[in-house]
Participant: 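One structure, as structure tokens, below. Some questions next.
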Amino acid sequence: MFHRLEETLAGIFSKHLEKRYGWRNAVVFEQPRQPEFGELALPVAFQLARTLRRPPRAIADEIVREIGAIEGVAALEVAGAGYINIRFDRGRYARSLIEGLPPEECAVADGKIIVEHTNINPNKAAHIGHLRNAVLGDTFVRILRARGRRVEVQNYIDNTGVQVADVVVAFERLLGKTPEEVAAMTADPAVRFDYFCWDLYARISAHYREHPETLAWRQQALEAIERGEGETARMAAIVSDAIMRAHLATMWRLGIVYDVLPRESEILHLKFWAAAFELLRERGAIRYETEGKNAGCWVMPAAAFAGDDAGGEGGEDGKVIVRSNGTVTYVGKDIAYQLWKFGLLGKDFHYRPLLTYPNGHRVWVSSEAPGDEPAPEFGRGSRVYNVIDSRQSYLQDIVAAGLRALGFEKEAENSIHFAYEMVALSPRCAAELGFELDAEERRRAYVEVSGRKGLGVKADDLVDKLIEKALEEVVSRHPQEPPEKQRDIAAQIAVGALRYFMLKYTRNVVIAFDFQEALSFEGETGPYVQYAVVRARSIFRKLAERGESVPDYAAELDAGALERQLRSEDFWQLLLTASKTDAVLERAIAVGEPAHAAKYAFQLAQAFNNFYHEHPILAEPDRERRTFLLWLADYVRAQLERTLGVLGIPCPEYM
RNA sequence: GCGCCCGUAGCUCAGCCGGAUAGAGCAGCUGGCUUCGAACCAGCAGGCCGGGGGUUCGAAUCCCUCCGGGCGCGCCA
């Protein structure tokens with residue numbers, strides 16, 4: 001509601017200012033900190049003052065006088081040195097909230113948005129860094145969808161890379177396992193396969209460090225896997241497939257699902273790279289070096305991605321895309337994949353359904369040959385968000401530059417690196433995990449997670465810990481409830497705590513992970529917000545227990561009654577905050593910051609908790625007021641539930 | 001050397017498309033459960049917004065510069 005009124009007002013002011021003063025800039029309102037200044041403020045008179053060479057106050061007066069009465073607005077006031085403060089008509093505003101709004105016509109540009117996230121190497125269990133990626137990506141997807149965008153979720157599986165090769169080498173050379181034996185392990189419920197590989201990966205990494213000559217094993221395995229034939233390739237498929245499924249299961253615990261899983265193996269075997277290479281070569285985006293240190297390679301000139309003044313010593317050489325031995329680098333494959341996402345490659349995968357989630361959603365995986373079932377159309381996006389940590393920004397720049405060099409300016413512009421900083425471990429956390437830190441590491445604010453060292457917090461371990469802790473609370477508060485139910489509630493609280501924890505930080509700060517903070521259920525946390533919803537619901541449960549039905553708000557509360565009740569500033573501010581959900585979500589999309597939605601949920605919960613505490617609703621003797629309070633509580637509850645849904649945080653029945 | 005990120009209360013962080021008195025949470029102290037649930041609420045205390053310069057009627061916010069910390073910059077993925 002707030003969002004729509006704001007847009008309407010922006011339209012009215014924009015039209016007036018353009019006609020009267022030739023003002024062509026966007027009309028941007030601010031929301032004053034002090035409630036006494038109204039709901040929206042417009043500082044445009046300050047900007048006009050310069051060109052008009054008149055005092056801002058006089059201009060503001062003039063605008064207010066000339067623009068006249070506006071529907072839904074109670075008053076326009078000039079304040080301070082020249083602000084135009086806007087006060088909504090409270091009764092009317094609330095009334096339209098009760099009546100509900102006709103559905104918004106989607107003013108959003110059509111076309112599909114692709115969000116790629118998670119992208120975990122399928123060679124070991126997921127850790128908390130991966131969780132940040134997946135939660136950020138999934139929440140952004142939910143925000144986009146809540147605001148009417150069409151979105152496709154991709155999770156790229158690098159099933160032929162070095163990391164998989166390393167684990168395969170470990171199985172073959174360190175453990176002497178056959179593909180059949182490994183397959184048996186993946187089917188054995190007693191073996192936690194992704195955890196097993198976590199340790200195994202650390203082992204083979206240590207082995208390489210101690211015996212560098214054995215690195216040849218990796219190269220051999222890599223080549224075998226890329227060819228896709230033989231024992232080693234078979235082993236790689238078994239390992240990566242099992243781990244991929246483990247990752248899907250881990251993410252499902254947090255409510256995270258995907259639409260399609262494009263795999264590296266298909267990118268190779270369906271010759272995506274060959275098609276991309278032809279394009280790049282034809283259009284001169286890469287060139288063959290005949291001398292210098294990159295002799296024999298196909299190279300993207302530095303000028304393409306490093307800016308105009310890229311005269312530095314190192315930058316002049318450009319970025320190798322095809323090695324002198326004829327193989328393509330990682331970034332080259334990435335360019336091909338990015339082209340496919342926009343439908344620019346002239347090639348497509350085949351697909352087959354991989355699995356159906358318990359909620360009925362189906363995820364598809366790329367395949368070399370056509371499947372039995374017709375697949376939905378994937379790819380062909382108009383905008384692509386790559387959720388990848390900020391350490392990859394250099395490579396992401398090169399991918400975008402590749403598109404630009406091919407003449408796909410618009411697509412390069414719509415290739416968005418949705419970057420975030422890493423999740424590291426606080427020194428205390430690393431110590432708790434049993435890792436020895438040297439003096440230097442202990443001095444630091446945080447220690448980097450390292451899969452090769454096996455240093456990190458596994459995602460499932462963290463979720464388990466959260467459930468265990470939540471369960472203690474649930475059991476102590478609701479000892480009579482059946483154990484399965486208690487556990488289910490505890491799991492919902494755990495998900496709430498974890499997702500909120502990952503979302504409360506903005507994307508560009510490093511999270512120094514600490515169990516004490518992550519396991520907190522008090523203060524600015526997911527459970528705090530969930531608790532507000534549970535309390536709100538309990539009012540209505542109590543109402544029903546007393547044999548009363550929910551009043552017919554629309555019949556009992558006319559604009560006059562609403563106006564009377566909303567003279568209370570507390571009620572008005574709560575209602576206003578609750579009505580800002582869509583405005584907040586749009587803002588979160590515009591700046592690409594899911595944290596805004598999380599912060600909003602917390603603020604609304606906080607406002608509600610205050611209200612809840614101060615105003616016993618069911619005990620209210622005055623009928624109009626009681627009905628109003630019920631409506632307000634109901635409206636806030638609905639908005640909170642919706643926001644939690646967007647954050648992927650479940651609302652438990654009780655807690 | 002070049003590029004990106006961070007520096008705001010004891011700690012962890014919001015606020016940064018310039019705007020009116022800089023906000024939360026945690027920790028600390030004080031008070032509040034016979035009421036719709038205390039995973040809560042209220043209050044107190046806590047700030048040269050890293051330093052300096054500039055732009056502006058106005059700077060935590062934009063520009064420059066310096067300092068401190070982190071991450072990148074391979075024919076690795």
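Chain letters run A, B, ... following the sequence lines, proteins first and then strands; every chain starts at 1.
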Participant: Does the ring center of A:Tyr505 lie less than 6.0 Å from the ring center of A:Tyr420?
Facilitator: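 For A:Tyr505 and A:Tyr420, the ring centres are not under 6.0 Å apart.
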Participant: Does B:G37 have A:Tyr531 stacked on its base, where the ring centres are within less than 5.5 Å and the planes differ by under 30°?
Facilitator: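 So no, this residue does not stack on that base, at least one cut-off failing.
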Participant: Can you pull every protein N or O that's under 3.5 Å from an N or O on nucleotides 24-27 of chain B?
Facilitator:
residue, atom, partner, partner atom, Å
B:A24, O3', A:Gln606, NE2, 3.3
B:G25, OP1, A:Gln606, NE2, 3.1
B:G25, O2', A:Glu524, N, 3.4

Participant: Please check the phosphate of B:A77 (OP1 and OP2 only) for any side-chain N or O of A:Asn121 closer than 4.0 Å.
Facilitator: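 Result: no.
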Participant: Are A:Tyr528 and A:Phe521 near enough that their ring centres are under 6.0 Å apart?
Facilitator: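 That pair fails the under 6.0 Å test.
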Participant: What pairs of nitrogen or oxygen atoms, one from the protein and one from nucleotides 68-70 of chain B, lie under 3.5 Å apart?
Facilitator:
residue, atom, partner, partner atom, Å
B:G70, O2', A:Tyr446, OH, 2.6

Participant: Searching all strands shown, indicate the nucleotide that pairs with B:G23 (Watson-Crick or G-U wobble; both distances under 3.5 Å).
Facilitator: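 Across all strands, the one nucleotide that pairs with B:G23 is B:C13.
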Participant: Paired with B:C2: which nucleotide, if any, by Watson-Crick or G-U wobble criteria at under 3.5 Å for both distances?
Facilitator: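 By the stated definition (distances under 3.5 Å), B:G72 pairs with B:C2.
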Participant: Go through the structure and list residues passing side-chain hydrogen bond (donor to acceptor under 3.5 Å, both in side chains) with A:Gln486, not counting sequence neighbours.
Facilitator: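 If we apply the side-chain hydrogen bond (donor to acceptor under 3.5 Å, both in side chains) test to A:Gln486, skipping adjacent residues, there are no hits.
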Participant: Between B:C16 and B:A22, how far apart are the two C1' atoms, rounded to whole Å?
Facilitator: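 My reading of the C1' atoms in B:C16 and B:A22 gives 12 Å.
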Participant: Answer with yes or no after comparing the ring centroid distance for A:Phe277 and A:Trp298 against a 6.0 Å cut-off, counting only values under it.
Facilitator: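 Yes: the rings meet the under 6.0 Å criterion.
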Participant: So does A:Glu653 have more than 12 non-hydrogen atoms from other groups sitting under 6.0 Å from CD?
Facilitator: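 No, CD of A:Glu653 has 12 or fewer neighbouring heavy atoms, counting only those of other groups under 6.0 Å.
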Participant: Okay, side chain of A:Asp622, backbone of A:Arg625: is any donor-acceptor separation there less than 3.5 Å?
Facilitator: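 Judged by distance alone, yes, a pair lies under 3.5 Å.
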